[in-house]
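Here is the structure we will look at.
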Amino acid sequence: MSNKNIQSLRGMKDIVNEESTLFTYFVDNASAIAKRYGFSYMETPILEETALFKRSVGESSDIVNKEMYNFTDKGEHEVCLRPEGTAGVVRHFVEKKLDRAGGTQRWYYYGPMFRYERPQKGRLREFHQFGCEVFGVDSVIEDANIIMMIKDILDFFEIGFKLQLNSLGDQNCMPQYKESLVQHLTDFKTELCEDCQVRICTNPIRVLDCKNETCQAKLVDAPKITHNLCESCDSDFKKLKEILDFNGVEYEIDTNLVRGLDYYSKTAFEFVSNEIGAQSAIAGGGRYDRLVEFLGGRPTAGVGFAIGIERLLELVKMKETKEDIVYMGALDEASLNTVLKAANSKRKTTKTLVEYTPRGFGKHFKLAEKVNANIVALIGEKELNEGTIYIKNIDSKEEYTLKLEEF
Ligand code: HAM
């Protein structure tokens, strides 16, 4: 066995120190917003049957085709690390027969996702998403609602964004649109990139978001999905735009926005930032009215989104919240127990850090500075005898003693 030090895997990283502080700051505040919108927290396993993602995200998608961490476990089951969160939540919904119960479900979740992509800035193999899924609301008002919720989250963290919007039609209008797109592309088939030559047969709309310049050039005169929507999709798309306009949410229509997952119908959207480089999508989502059915449930409307936490954290700055940090210490061995007891009760309301080794004044103040404490509270022989505690407020430089019970 080699003696080489073991390092974390490529595209995977530890989240620690300032980053973990930001991470929990983000999750806490995004969760609070989701709860205000009526979402409750749920978790699904990180490991699922591979078939779940084949049937939902789609066999023709890059995620399933090229990027899955799949393997056969000891019981000969084909399993994989989840590449995204929606499929697991839908699996739960169907497994628990909630499709038969009627009513509405609103869940939010956060956690690690895994995609075997080529790592680069903003693109990891293990990354984290914060997502929300809604079941049983067959109204475009819900689509607008979740878009506004993402906007609320981004506004809270003062993150600028562009919202790109499209409608992908449904089972009535999408097949016809695909046919007309294929007809248009067939004339140039051999000029398209290798991937797109395959996509024409497997899932032609994926040609629309190919990054290859030649493919993009061939799309300039291609038919647009938004010009080919059936009546119901067209009226939903108009209504969505009206609600967003009425609420002052700015957006751009991007008729080439198809998303990399095959389960979407009607609304599809992405939030992008121009401050984080090439991997600019900070959130994505849309409606998936047929997904419950694809996974064996009764037809149930669904809509949701996920935010890429690592990409977002590049843009999040902690808001200054001045929280008191109390540093406590003993000036001699005999006072230590009293310090520990007082610290335990102080902790019920205030962040309180205790130095376990008795020390002199000067050393305690140096240590307090290191942990950014703004209140230093010390007990020595004199205080112990009087039942008091010495306090110094570092900001105001005030020094005083308090009765222990007033501390
Ligand atoms: P997605 O667009 O594949 O959608 O991922 C959502 C977000 O996850 C992206 O916008 C991006 O910020 C982040 N992300 C994706 N891949 C990576 C990566 N390799 N490294 C870092 N961040 C990444 C979904 O996953 C859908 N499940 C969203 C959804 C929920 N749609 C409906 N409900």
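Both counts, for ligands and for their atoms, begin at 1 and track the order of listing.
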Check for me whether F271 has a heavy atom closer than 4.0 Å to any atom of ligand 1. no
Give a yes/no on ligand 1: does E310 have at least one heavy atom closer than 4.0 angstrom to it? no
Relative to the ring of F305, is the ring of F130 parallel (under 30°), tilted (30 to 60°) or perpendicular (over 60°)? tilted
For A283, is the nearest heavy atom under 4.0 Å from an atom of ligand 1? yes
For D324, is there an ion pair with K351 - N to carboxylate O distance below 4.0 angstrom? no
Whether K238 and E242 form a salt bridge (side-chain N of Lys/Arg under 4.0 Å from carboxylate O of Asp/Glu) is what I want to check. no
At the 4.0 Å heavy-atom cut-off, does Q279 count as touching ligand 1? no
With nothing but distance in play, are any N or O atoms of A281 less than 3.5 Å from an N or O of ligand 1? yes
Ligand 1 versus P83: contacting region, heavy-atom distance under 4.0 Å: neither
Heavy-atom contact check, 4.0 Å cutoff: does P119 meet ligand 1? no
Does I282 approach ligand 1 within less than 4.0 angstrom via side chain, backbone, both or neither, non-hydrogen atoms only? backbone
Short version for F114: what comes under 4.0 Å of ligand 1, heavy atoms counted, is neither
Based purely on interatomic distance, does C132 place a nitrogen or oxygen under 3.5 Å from a nitrogen or oxygen of ligand 1? no
